[in-house]
Amino acid sequence: MKIGYPCINRSLPCRGNRTFRLASYSESRLKEAVAENLDCLRQMLQYNVDQGLFFFRISSDLVPFASHPVCQFPWPDHFQPLFAELGRFIRRHGLRISMHPDQFTLLNATDPAIVRRSILELEYHARVLDAMELNATARIQIHVGGVYGDKTAAIARFAEVYGRLPEPVRRRLVIENDERLFSLADCLRVHAHTGVPILFDAFHHELLNRSESLAEAVAAAGATWRCGDGLPMLDWSSQKPGARPGAHAESIDLDRFSRFIAATSGHDFDLMLEIKDKEQSARLARAALEDDARLFRPTLREEH
DNA sequence: AGGTGTCAAGCGTCC
DNA sequence: GGACGCTTGACACCT
């Protein structure tokens, strides 16, 4: 199991998601932002290796406006040496990488223009991972999309679009259960039509489910991943106390985390912690896992 | 320099 | 029919 956090590291002085307003787009502005973002990405990856955090989600802001018509700059060529270097670093240290386009990416939209833009956005994400020369274990996760009043039709539209996705996108795409519209059970229907692997979000599942136990759910989602896809990916978070249901906690609740680990024992996966303080909670989780390992396998204690 | 309104994209919910 | 949350930061303009 590799542990990770998404996109931003608050312990480092750099920022890996620098962007700017569309109105102030220029080629030099873009080059400047991407160079800075790639440099910071390198620092974050180094930090992660140093801290034993081997799973990381790369920010979609890495290349601002990459899929927008305003961007005609051949950024994959221009930055190829830097992408290749990052890729070598990732492979050398066995890091697992994901990306997560935001809520505007809707493959099952009823408006063809939205679908077209969504595919362009996914192609951008695939191009980043391809430029790093990462294999198909590096994944792009999205939600199934909107329901538009008819979930069966919405799933059929998703499957139809999935079938005609460019290969560089399809080989990396995974779907994630959300907390309002498409439950794990719904994602399994999508999987039955398409074969797309399911990234299980344990927190969303708490808010929208069919009473499957955690172990059942993890097993069902895990079974949708094939050889070559890498270990199943999981997202985990916990509820911010007193806040709107679904709000992510500020920092990790280690009791809850230990119960989650215990409930899913026997299943292996790479775990993304979606908690606001990012790398701090990821480090605590990693330490807790090591404590658990010592507890359950006392021989390890003598080695340390 | 500091304060603040606003930012590419869309869904569903609530009023 | 319009504001809001999603995720929450930070750009960019104003004073």
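Letters go in sequence order (proteins before strands), and every chain restarts at 1.
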Give [X] one of three labels, base, sugar-phosphate or nothing, depending on what nucleic acid heavy atoms sit under 4.0 Å from its own.
{"X": "L181(A)", "result": "sugar-phosphate"}
{"X": "D102(A)", "result": "base"}
{"X": "R29(A)", "result": "sugar-phosphate"}
{"X": "F65(A)", "result": "base"}
{"X": "T19(A)", "result": "sugar-phosphate"}

In whole Å, what is the span from the [atom1] atom of [X] to the [atom2] atom of [N]?
{"X": "Y124(A)", "N": "dA8(B)", "atom1": "OH", "atom2": "P", "result": "16 Å"}
{"X": "D186(A)", "N": "dG12(B)", "atom1": "CG", "atom2": "P", "result": "13 Å"}
{"X": "D61(A)", "N": "dA9(B)", "atom1": "CG", "atom2": "P", "result": "14 Å"}
{"X": "L107(A)", "N": "dA9(B)", "atom1": "CG", "atom2": "P", "result": "19 Å"}
{"X": "R157(A)", "N": "dG10(B)", "atom1": "CZ", "atom2": "C1'", "result": "14 Å"}
{"X": "H204(A)", "N": "dG12(B)", "atom1": "NE2", "atom2": "P", "result": "16 Å"}
{"X": "Q103(A)", "N": "dA8(B)", "atom1": "CD", "atom2": "C1'", "result": "11 Å"}
{"X": "R18(A)", "N": "dC7(B)", "atom1": "CZ", "atom2": "C1'", "result": "15 Å"}

Between [N] and [M], how many Å separate the two [atom1] atoms, rounded to a whole number?
{"N": "dT8(C)", "M": "dA1(B)", "atom1": "P", "answer": "31 Å"}
{"N": "dG5(C)", "M": "dG9(C)", "atom1": "P", "answer": "14 Å"}
{"N": "dG1(C)", "M": "dC7(B)", "atom1": "C1'", "answer": "23 Å"}
{"N": "dA8(B)", "M": "dC14(C)", "atom1": "C1'", "answer": "24 Å"}
{"N": "dT13(B)", "M": "dT7(C)", "atom1": "P", "answer": "16 Å"}

Is the shortest side-chain N/O distance from K276(A) to OP1 or OP2 of dT8(C) below 4.0 Å?
->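 Yes.
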
Respond yes when some side-chain nitrogen or oxygen of R15(A) is under 4.0 Å from OP1 or OP2 of dC11(C), and no when none is.
->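 Yes.
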
Can F104(A) be called stacked on dA9(B) when the rule is centres closer than 5.5 Å and an angle between planes below 30°?
->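 Whether judged by distance or by angle, F104(A) passes, so it stacks on the base of dA9(B).
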
Are the aromatic ring centres of W75(A) and Y124(A) under 6.0 angstrom apart?
->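 Yes, the ring of W75(A) comes within the 6.0 Å limit of the ring of Y124(A), centre to centre.
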
So, H143(A) versus F182(A), ring centres under 6.0 angstrom or not?
->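 For H143(A) and F182(A), the ring centres are not under 6.0 Å apart.
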
Member of M233(A), R139(A), Q141(A), R96(A) meeting the side chain to side chain contact (heavy atoms under 4.5 Å, CB included) criterion with R57(A) |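 Looking at M233(A), R139(A), Q141(A), R96(A), the match for R57(A) under the side chain to side chain contact (heavy atoms under 4.5 Å, CB included) is Q141(A).
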
Quick check: does any side chain N or O of [X] sit under 3.5 Å from a backbone N or O of [Y], one acting as donor and the other as acceptor?
{"X": "R286(A)", "Y": "Q51(A)", "answer": "yes"}
{"X": "E250(A)", "Y": "D277(A)", "answer": "no"}
{"X": "S238(A)", "Y": "A249(A)", "answer": "no"}

Over all atoms of both residues, closest heavy-atom pair of N177(A) and L199(A) |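 So the two residues come closest at OD1-O, 3.4 Å.
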
Which of these nucleotides, [options], is closest to any side-chain atom of [X]?
{"X": "S24(A)", "options": "dA12(C), dG12(B), dA9(B)", "answer": "dA12(C)"}
{"X": "V147(A)", "options": "dC11(C), dG12(B), dC11(B)", "answer": "dG12(B)"}
{"X": "R180(A)", "options": "dA9(B), dC11(B), dT7(C)", "answer": "dC11(B)"}
{"X": "R21(A)", "options": "dC11(B), dA9(B), dA12(C)", "answer": "dA12(C)"}

Going by number, which of residues 165-179 of chain A have a non-hydrogen atom under 4.0 Å from DNA chain C?
->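 Heavy-atom contacts with DNA chain C come from no residue of residues 165-179 of chain A; none.
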
Taking only Lys NZ, Arg NE, NH1 and NH2, and the carboxylate oxygens of Asp or Glu, determine whether D61(A) and R15(A) approach each other closer than 4.0 Å.
->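 Looking at D61(A) and R15(A), the cut-off is not met.
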
Does [N] have a Watson-Crick or wobble mate here (both distances under 3.5 Å), and if so which one?
{"N": "dA8(B)", "result": "none"}
{"N": "dT8(C)", "result": "none"}
{"N": "dT15(C)", "result": "dA1(B)"}

What orientation do F260(A) and F269(A) show, parallel under 30°, tilted 30 to 60°, or perpendicular over 60°?
->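 Ring orientation of F260(A) relative to F269(A): tilted.
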
Given DNA chain C, 5'-ward residue of the pair R10(A) and F20(A), judged by closest heavy atom =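 Upstream on the strand: R10(A).
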
